[in-house]
Each structure stands twice: as C-alpha cells, then as structure tokens.
Amino acid sequence: MSLHISNTLTGTKEAFKPIDERHVRLYVCGPTVYNKPHIGNGRPVVVFDVLYRLLKTLYPKVTYVRNITDVDDKIHSRAFELGIAPSSLARQITEVFHGICDFLGALPPTHEPRVTDHMDDIIAMIQKLLDNGAAYEAEGHVLFRVSAAKNYGALARKDEEAMLAGARVDVASYKENPQDFVLWKPSKKFDSAWDAPFGKGRPGWHIECSAMAHKYLGEVFDIHGGGIDLIFPHHENEIAQSTCAHGTDTLANYWMHNGHLQIDGAKMAKSMGNVVTFDDVMRAHRGDVVRVALLQSHYKQPLNWTEQSLHMAKSFMDKYYRAMEKVPSDEYSSIVGHLAMPAVKQALLDDLNTPQVFSILNKAFETAEIADLISTMKFMGLGRLTPQKWFQNLSSTSLSEDIVRELISQRAEAKQARQFERADKIRQLLFKEGVILDDTRDGTRWRVR
C-alpha cells in the first residue's frame with residue numbers, strides 16, 4: 001500500500017504522489033512565540049513528526065520546514081505588557097518551545113526559519129506583488145488585493161459572504177475591499193521595525209510563511225500542514241499571495257490539518273479557565289505518556305484531553321516497559337528505531353492511523369519479537385528510556401533515589417540479621433510512597449507503581 005493522506009484542498013483521502021520521487025518537501029506552520037505553549041500546541045508537533053518519520057522511510061530525501069513566527073502583533077502586545085523587548089520575549093518562548101519538542105520526542109525539522117532572519121525575502125516578495133498589481137499601498141500599509149487571486153476561498157470552502165464576515169474583524173477605511181489583507185504595516189513606537197522601499201515597518205503574518213516556504217521549498221511543494229484553525233484565513237491567504245507572486249496554480253499539492261484539542265469535551269479557552277499549559281503537564285507526566293495521549297485519536301478528529309486519556313497512555317507505556325524488563329540496558333539502548341513492524345507501517349500509510357497503531361502494539365507486546373517491538377516504538381518516537389529508568393521515576397513521591405537505595409540496603413541488613421519485622425516495615429514504608437520492591441535471585445529491584 002502506498003501512502004494515502006486526507007487532502008483538505010480536495011476534501012478526499014488520496015494516494016500521495018510527490019512532485020519528485022527523490023525529494024519530498026513538507027512545510028508546517030510553527031508557533032507564534034508570544035506566550036508559553038499550551039497542550040494544544042503540542043498536537044501538530046507530534047502529528048507531523050510522525051509524518052516526517054514515515055516519509056523518511058519512503059523517500060531518499062525529505063526536507064521538513066517548520067517556522068518560528070517571531071514577529072507578530074501578539075508578540076508586541078505581550079512584550080509591552082511585560083515591559084521587555086519583543087525580540088527578548090520571542091527568544092525566551094522559542095527556547096521553551098524547543099524544550100517541549102524534546103520532551104515530546106520530536107525530531108528537529110530540516111530547517112526552522114525565523115521571520116527575523118528572512119526579512120529580505122519577505123520584502124522582496126511584497127515588492128513582487130506590488131510590481132505585478134496584486135498588492136497596493138495605502139496609508140503606510142501594503143495590502144494584498146484579493147481580487148487578483150484565482151479561486152480564493154477554495155481551500156476553506158467558504159463563499160464570499162462567509163469570508164467577508166471574517167474580514168470585517170480587521171476592516172479599515174483604506175482597504176479597497178474588506179477582504180484585502182495586510183502584507184506590511186507601519187510600526188508603532190514600541191514595535192520592531194525594518195526599512196523597506198514601501199516604508200519602515202514590519203510584515204503581516206501571512207506573507208511571512210509564504211516567503212519562508214519559497215526560500216526553502218520552492219514555488220510549489222508537496223505537503224503543507226498545520227492546525228485546522230489555520231485553514232482560514234492564514235493558509236487561504238498564503239495560497240493567494242504565493243500563487244500571485246510566482247504565477248502558479250497552487251502553493252502545495254496536499255494540505256493536512258489536525259483537529260482541535262478539547263479539555264474534558266469542552267473547547268480550551270482562557271475565558272473558560274481550562275487552559276492546560278505544558279508547565280502543568282511536564283510537572284505531572286513523562287514525555288512518552290503525553291506523546292501517546294496526543295496520538296490516541298486520529299489527527300483529523302478533535303482530541304479530548306482528559307485524565308482518563310493520560311491514564312490510558314501511562315498504562316500503555318507501562319505495559320510496553322514490562323515486556324522489555326528482561327532486556328539488558330545496553331542491548332535495549334543499542335537498537336535504533338528506523339523501521340516499524342509491517343502492520344504498524346501499513347496503519348501509518350493509511351492517513352497516519354495512529355489509533356490503529358496503538359491497537360496493534362498493545363497486542364504485539366506479548367507476541368512480537370523484542371527487537372521488532374523496540375525498533376517500532378522508537379520509530380514512533382517512544383520508548384526513549386530503559387525499563388529500569390522508566391519504572392524508577394520518583395517524581396510522584398517525596399523520596400529521592402538515594403533514600404530508596406539506602407532503605408533497601410537497611411532492609412537487606414535487617415533480613416540478614418533475621419529482623420523480619422523491621423524489614424517488613426521498611427517495605428511497607430516504601431509501598432506507601434509508591435515504591436514497590438521485587439526480590440529476585442539477582443537482588444532486590446524497585447519500581448514506582
């Protein structure tokens with residue numbers, strides 16, 4: 001079976017046919033770095049990480065670009081609130097984002113362009129749109145003329161009335177058409193600013209991605225991904241300005257969008273007080289558990305984030321590591337996850353069917369070859385620890401590893417002195433703290449329940 005993916009552009013699941021069989025090109029919209037990421041920001045990270053891993057097994061070369069938006073109205077507003085420079089805030093949040101990617105086991109993209117490093121490319125594309133009449137200047141702004149774009153609204157499948165309703169949020173008297181959107185805007189006193197032929201200022205959001213995608217992937221590439229909330233207006237506007245700048249019919253042949261994340265069945269929103277940040281999650285759970293929880297639903301569907309889903313993810317990982325407990329640490333660590341079991345690969349080829357992957361793996365923990373299991377789990381970005389390190393996670397207890405080892409030593413001395421009541425009290429003490437002891441021929445092993 002060849003790779004099939006759901007293409008938002010056509011509304012159907014299609015066989016993937018790359019422009020060049022020797023080189024597949026993928027662009028995914030990365031974060032706008034104005035505030036610490038919430039758990040919903042992690043979903044596209046892991047979804048497109050799985051796609052990237054899969055593509056790398058199918059094609060000789062894969063270029064994966066995920067941008068960092070470090071120039072944006074939200075960044076400037078938040079920086080003003082904090083009394084720091086926008087660039088300083090952007091650097092801080094970018095560092096936090098990279099830490100989250102590591103926590104989730106995501107591979108680094110081939111390129112991670114930042115807007116501030118590509119201002120010349122952005123200005124050049126805006127100038128090109130001005131030169132060919134697809135853009136115009138008005139009151140210090142440069143705006144894209146939506147009437148110049150063919151099939152505007154095709155990706156989002158919105159009619160003109162629906163698009164006008166969305167555009168009215170940002171209506172301005174200097175626009176020829178309410179749907180026209182900003183390519184360049186004059187900067188306020190506190191904002192970052194760059195010199196350009198059309199005035200000192202900074203770019204609008206949409207042009208940033210178009211310019212960076214062109215820089216690394218060319219005029220037309222294979223796959224563009226992102227969250228479902230980006231379809232309109234962001235991705236629609238990317239297509240419009242890119243096709244007008246390059247004289248092409250499309251920007252990407254396939255568009256993939258992951259669904260929203262909900263909290264206990266409700267939309268996550270500050271107004272509802274149910275925003276779950278990665279700070280919260282990382283204190284309570286391990287990266288593999290969070291990664292599994294984010295992949296338990298099909299990427300196209302809404303994902304309901306609950307304590308139950310985290311419990312199921314933890315149980316899945318515990319089951320895997322129990323199956324691996326007899327594998328020596330050096331042997332476990334030496335297996336590299338480049339290949340997945342055939343059944344897992346088939347499930348991924350079917351539009352990244354990760355729920356089916358976990359169903360297959362749950363059954364395989366008891367029947368598959370150990371090496372195949374380890375390789376498959378690592379291919380999925382999971383199983384990064386040895387079983388010993390997994391089960392000896394003391395983050396949920398008040399004990400340190402040194403204390404646990406000292407108590408185990410004291411228990412061994414008590415048993416040797418035939419002080420069995422004292423030895424049993426030490427076991428009970430550890431059990432109350434969530435530490436379970438297993439006496440084996442090789443000595444006492446411990447794990448956290």
Side-chain angles (χ1 to χ4, degrees), residues 99 102-105 276-293 296 305-335 358 361-371 373-374 377-378 381-449:
D102 291 342
F103 172 76
L104 292 172
V276 178
T277 68
F278 265 98
D279 280 351
D280 303 325
V281 171
M282 292 168 76
R283 277 193 294 267
H285 304 282
R286 283 188 157 169
D288 279 4
V289 170
V290 178
R291 185 177 175 97
V292 171
Q296 280 181 339
W305 186 263
T306 65
E307 284 301 317
Q308 178 65 18
S309 67
L310 286 163
H311 176 74
M312 291 173 62
K314 173 69 162 53
S315 297
F316 173 85
M317 291 305 305
D318 283 347
K319 186 177 180 181
Y320 165 68
Y321 277 116
R322 285 193 192 99
M324 299 299 110
E325 277 190 301
K326 295 181 181 179
V327 181
S329 295
D330 57 345
E331 182 181 330
Y332 182 90
S333 302
S334 68
I335 295 176
F358 293 125
L361 286 171
N362 252 319
K363 297 172 184 175
F365 289 158
E366 299 171 3
T367 59
E369 292 289 330
I370 294 295
L373 269 177
I374 295 172
M377 287 290 283
K378 289 188 176 182
L382 300 166
R384 290 172 282 161
L385 300 175
T386 62
Q388 183 182 28
K389 288 184 178 178
W390 177 265
F391 286 118
Q392 293 181 350
N393 175 27
L394 293 165
S395 62
S396 61
T397 78
S398 62
L399 302 177
S400 69
E401 187 169 333
D402 287 343
I403 292 175
V404 171
R405 294 190 184 282
E406 174 60 27
L407 288 171
I408 290 173
S409 176
Q410 290 179 18
R411 178 173 174 268
E413 291 173 0
K415 287 175 67 178
Q416 192 168 2
R418 304 186 67 79
Q419 297 173 354
F420 298 116
E421 185 176 349
R422 177 170 170 249
D424 195 48
K425 284 183 178 179
I426 293 173
R427 176 192 281 275
Q428 291 176 15
L429 171 64
L430 288 167
F431 183 80
K432 286 179 181 178
E433 290 290 336
V435 176
I436 298 172
L437 302 184
D438 297 313
D439 292 320
T440 72
R441 286 182 298 178
D442 299 323
T444 301
R445 294 180 178 178
W446 65 276
R447 57 190 169 89
V448 178
R449 69 170 182 262

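All residue numbers refer to positions in the sequence shown, counting from 1.
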Separation between CZ of Arg384 and OG of Ser333, rounded to the nearest 0.5 Å: 13.5 Å
Listed partners of Gln419 passing side chain to side chain donor-acceptor pair (under 3.5 Å), at least two apart: Arg422
Are any non-hydrogen side-chain atoms of Val327 and Pro387 less than 4.5 angstrom apart? no
Correct closest heavy-atom pair for Ala368 and Leu373 would be CB-CG, 3.9 Å
Before you tell me yes or no, could you show the steps for Trp305 and Val281 under side-chain contact (heavy atoms from CB on, under 4.5 Å), namely the whole-Å CA-CA distance, both residues' side-chain angles and the distance that decides it to 0.1 Å? CA-CA 11 Å; Trp305 186 263; Val281 171; 4.3 Å; yes
Go through the steps to decide whether Val292 and Leu310 satisfy the test side-chain contact (heavy atoms from CB on, under 4.5 Å), and finish with yes or no. CA-CA 8 Å; Val292 171; Leu310 286 163; over 6 Å; no
Under 3.5 Å, sequence neighbours excluded: what are the donor-acceptor pairs made by side chains of residues 408-415?
| from | atom 1 | to | atom 2 | distance (Å) |
| --- | --- | --- | --- | --- |
| Gln410 | NE2 | Glu406 | OE2 | 3.0 |
| Arg411 | NH1 | Asp439 | OD1 | 3.2 |
| Arg411 | NH2 | Asp439 | OD2 | 2.9 |

Between the side chains of Trp390 and Asp318, does any donor sit under 3.5 Å from an acceptor? yes
How far apart are the C-alpha atoms of Arg291 and Phe103, what are their side-chain angles, what is the distance that settles it, and do they pass the side-chain contact (heavy atoms from CB on, under 4.5 Å) test? CA-CA 9 Å; Arg291 185 177 175 97; Phe103 172 76; over 6 Å; no
Does Lys425 NZ have over 12 foreign heavy atoms under 6.0 Å away? no
Which distance, rounded to the nearest 0.5 Å, do you find between the CE of Met317 and the CG of Leu382? 5.0 Å
Applying side-chain contact (heavy atoms from CB on, under 4.5 Å), can you list everything that pairs with Ser309, at least two apart in sequence or on another chain? Gln296, Thr306
Looking at Tyr321 and Gln388, would you say the former's side chain and the latter's main chain have a donor-acceptor pair under 3.5 Å? no
Got more than 12 heavy atoms from elsewhere within 6.0 Å of CE, Met282? yes
Can you tell me how far apart CG (Asp424) and CG (Leu429) are? Round to the nearest 0.5 Å. 11.5 Å
Are side-chain heavy atoms of Gln308 and Met312 found at a separation under 4.5 Å? yes
State whether the side chain of Arg427 and the backbone N or O of Leu437 hold a donor-acceptor pair below 3.5 Å, judged by distance alone. yes
Report the C-alpha distance between Phe365 and Phe316 in whole Å, list the side-chain angles of each, state the deciding distance to 0.1 Å, and finish with yes or no for ring pair (Phe, Tyr, Trp, His ring centres under 6.0 Å). CA-CA 10 Å; Phe365 289 158; Phe316 173 85; 5.2 Å; yes
So does Gly383 get a backbone contact from the side chain of Asp288, meaning a donor-acceptor N/O pair under 3.5 Å? yes
Compute whether any side-chain donor of one residue and acceptor of the other, for Thr277 and Asp280, lie under 3.5 angstrom apart. yes
What distance separates Ile335 CD1 from Met324 CE, expressed to the nearest 0.5 Å? 8.5 Å
Taking the inter-plane angle between the rings of Tyr332 and Tyr320 on a 0 to 90° scale, is it parallel (under 30°), tilted (30 to 60°) or perpendicular (over 60°)? tilted
Quick check for you: to the nearest 0.5 Å, what is the distance between Glu421 atom CD and Ile426 atom CD1? 11.5 Å
To check you understand the geometry: which heavy-atom pair defines the closest contact between Gly287 and Leu104, and what is its length? O-CD2, 4.4 Å
If you measure from CD1 on Ile374 to OG on Ser334, what distance do you get to the nearest 0.5 Å? 8.0 Å
